[in-house]
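Because the structure is a prediction, the values reported are computed rather than measured. Computed over heavy atoms, backbone and side chain alike; hydrogens, waters and symmetry mates excluded.
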Amino acid sequence: MIKTLICFLLFSTLNLYAQSAERIESEYKLGIPNNESVALWLYLQSETFLIKLKTEYDLKTTFSIEDFVDVYYDDKNLSLYHQKVGLRYRSRYINDTLIKQLIQLKTPLLDDGVARTEVKYEIKKSNDKNDLYARHKLLRFVKKRDRSNLNYKLAIFNSGSLGMSPEIKLKQTRSRIYISDSIAPLATITLDYVTNMKFPFQQYTELELELNEIRYTAGGVEEKKRMERFNEILKNGLLVSFPSLYQDQTPKYNKMKQIIDASWLSKVYKYRMWIILSFLLVTASYLLLFRK
């Protein structure tokens with residue numbers, strides 16, 4: 001009996017932790033005035049910038065342009081928004097071809113104000129008619145083996161997967177520079193054009209200087225410090241060349257939702273049916289009362 005209980009507890013623990021990929025994401029997020037994004041991207045591709053990087057750090061760089069569609073989820077109390085947690089269903093495209101889909105859960109910033117924990121879950125691709133949550137707005141995408149882990153993580157923030165529904169949907173066009181040293185991939189520089197996919201399609205741009213999360217997570221104390229120093233030097237150099245840049249670690253979900261909530265056009269769009277019905281009711285009442 002004792003052996004059975006131990007096996008059960010061991011299996012439950014493994015189920016909570018083994019089915020997801022948990023990593024540490026360390027990145028600087030820099031806000032960009034809209035009129036400087038083009039000049040900034042041209043500078044990042046220039047020989048002046050690249051030669052300096054390659055000479056000082058013996059680096060190799062490659063470029064890509066990718067598109068992402070992110071659906072962010074939250075509960076009715078916006079628990080994740082208020083705690084700066086991000087739960088999203090991400091689709092990645094290159095040249096309009098779908099490359100990858102996954103569920104990501106990002107926790108609040110750690111004590112250094114830069115890093116945060118990220119958990120990734122594979123997408124459930126096959127339909128199961130016996131799945132109780134086959135029509136749930138979030139859980140239909142999450143594999144059965146990962147649902148306990150996701151609920152365990154969300155419980156930390158006083159929430160749960162059953163209460164999740166889509167809150168906002170964003171499209172990102174990402175111009176990205178991949179940076180590698182003689183050991184392995186080191187970091188990426190990403191210029192993000194972020195768009196709300198609902199009217200009135202608000203936009204903003206930001207620059208992310210992100211350390212390679214696999215290498216950073218697996219690295220020892222000295223390796224982490226060395227990578228952090230690289231990112232710090234990179235950030236400070238860009239701030240010197242573009243003084244208008246400013247550090248803003250606000251998560252994308254929070255940043256766009258703040259823009260949407262402050263927009264009267266978004267409010268009109270959200271309540272458009274009520275506005276139309278009210279207009280029709282007022283018009284009908286006027287015709288009934290004042291027609292000759």
Side-chain angles (χ1 to χ4, degrees), residues 23-54 56-57 59-70 72 84 86 88 90 92-94 104 106 108-110 112-116 118 168 170-181 185-197 201-216 227-259:
R23 297 169 184 162
I24 301 174
E25 175 189 81
S26 181
E27 67 179 4
Y28 288 114
K29 296 165 72 73
L30 303 178
I32 311 167
N34 288 328
N35 59 350
E36 288 203 32
S37 58
V38 175
L40 177 60
W41 180 243
L42 290 175
Y43 173 74
L44 292 173
Q45 298 176 84
S46 69
E47 287 298 318
T48 302
F49 176 72
L50 294 178
I51 288 175
K52 183 178 179 181
L53 272 181
K54 293 174 182 177
E56 293 188 15
Y57 304 104
L59 302 175
K60 296 180 180 179
T61 57
T62 57
F63 301 86
S64 77
I65 296 179
E66 305 166 3
D67 290 304
F68 293 82
V69 175
D70 294 327
Y72 283 88
K84 294 187 176 181
R88 67 190 180 196
R90 162 162 285 188
R92 177 188 178 194
Y93 299 85
I94 298 179
Q104 292 173 301
K106 294 193 176 189
L109 293 172
L110 301 178
D112 66 357
V114 176
R116 62 195 308 205
E118 179 182 18
I168 62 174
L170 305 181
K171 179 181 179 181
Q172 299 180 66
T173 297
R174 315 193 84 176
S175 301
R176 175 172 279 181
I177 301 174
Y178 291 91
I179 303 174
S180 301
D181 60 13
L186 175 61
T188 56
I189 302 175
T190 303
L191 182 64
D192 277 339
Y193 296 89
V194 186
T195 305
N196 173 24
M197 294 188 71
F201 312 110
Q202 295 97 333
Q203 295 180 318
Y204 68 83
T205 58
E206 68 177 19
L207 190 70
E208 292 184 354
L209 312 177
E210 182 179 356
L211 297 173
N212 182 273
E213 60 186 34
I214 297 176
R215 182 173 172 181
Y216 185 78
M227 295 178 73
E228 290 167 359
R229 281 196 298 271
F230 170 82
N231 227 19
E232 183 76 16
I233 293 171
L234 186 61
K235 179 196 72 170
N236 292 339
L238 285 172
L239 291 176
V240 169
S241 300
F242 289 84
S244 62
L245 298 179
Y246 55 95
Q247 187 172 344
D248 182 359
Q249 297 296 130
T250 305
K252 283 186 171 65
Y253 170 42
N254 289 68
K255 188 175 295 185
M256 184 57 81
K257 182 161 175 53
Q258 288 167 10
I259 294 173

Phe63 vs Trp41 aromatic rings, parallel, tilted or perpendicular, using cut-offs 30° and 60°? perpendicular
Closest heavy-atom contact between Ser180 and Pro185? OG-CA, 3.5 Å
Can you tell me how far CE of Met256 sits from CD of Gln202, rounded to the nearest 0.5 angstrom? 6.5 Å
Evaluate the side-chain proximity of Pro251 to Arg116: yes if any heavy-atom separation is below 4.5 Å, no if none is. yes
Ile24 and Tyr216 have their tightest heavy-atom pair at CG2-CE2, 3.6 Å
Determine whether Glu36 and Ser244 satisfy the following criterion, side-chain contact (heavy atoms from CB on, under 4.5 Å), listing intermediate values before the conclusion. CA-CA 9 Å; Glu36 288 203 32; Ser244 62; 2.5 Å; yes
Are Leu245 and Ile32 packed together at the side-chain level, in the sense that at least one heavy-atom pair is separated by less than 4.5 angstrom? yes
Does any non-hydrogen side-chain atom of Leu238 lie less than 4.5 Å from one of Leu44? yes
Are the side chains of Ser64 and Tyr178 in touch, meaning some heavy atoms are under 4.5 Å apart? yes
Just how far is it from atom CD of Glu27 to atom CD of Gln249, taken to the nearest 0.5 Å? 7.0 Å
What I want to check is whether the side chains of Asp192 and Thr190 have a donor and an acceptor closer together than 3.5 Å. no
Take Met197 and Val69 through the test side-chain contact (heavy atoms from CB on, under 4.5 Å) and record every step on the way to the result. CA-CA 9 Å; Met197 294 188 71; Val69 175; 4.0 Å; yes
With a 6.0 Å cut-off (strictly less than), is the heavy-atom count around NZ of Lys235, excluding the residue itself, greater than 12? yes
What is the distance from atom NZ of Lys60 to atom CD1 of Ile179, rounded to the nearest 0.5 Å? 14.0 Å
side-chain hydrogen bond (donor to acceptor under 3.5 Å, both in side chains) partner of Tyr28, chosen from Gln247, Glu208, Glu232: Glu232
Can you tell me how far apart CG (Leu42) and OG (Ser37) are? Round to the nearest 0.5 Å. 9.5 Å
I want to check something: taking the side chain as every heavy atom from C-beta on, are Thr188 and Arg174 in contact at a cut-off of under 4.5 Å? no
Run the numbers on Arg90 and Asp70 for salt bridge (Lys or Arg N to Asp or Glu O under 4.0 Å), then give the verdict. CA-CA 5 Å; Arg90 162 162 285 188; Asp70 294 327; 2.8 Å; yes
Show your working on side-chain contact (heavy atoms from CB on, under 4.5 Å) between Lys171 and Asp67 and close with a plain yes or no. CA-CA 7 Å; Lys171 179 181 179 181; Asp67 290 304; 4.1 Å; yes
Could you walk me through whether Leu59 and Phe230 pass the side-chain contact (heavy atoms from CB on, under 4.5 Å) test, one step at a time? CA-CA 11 Å; Leu59 302 175; Phe230 170 82; 3.6 Å; yes
Hey, are the side chains of Thr61 and Ile189 touching, using non-hydrogen atoms and a 4.5 Å cut-off? no
For Lys255, look at atom NZ and say whether over 12 heavy atoms of other residues, nucleotides or ligands are found less than 6.0 Å away. yes
Within this structure, what is the CG-CG distance for the pair Asn231 and Leu209, rounded to the nearest 0.5 Å? 5.5 Å
Point-to-point distance, once rounded to the nearest 0.5 Å, from CG of Leu170 to CD of Gln203: 11.5 Å
Student check: side-chain heavy atoms of Asp248 and Lys29 closer than 4.5 Å: no
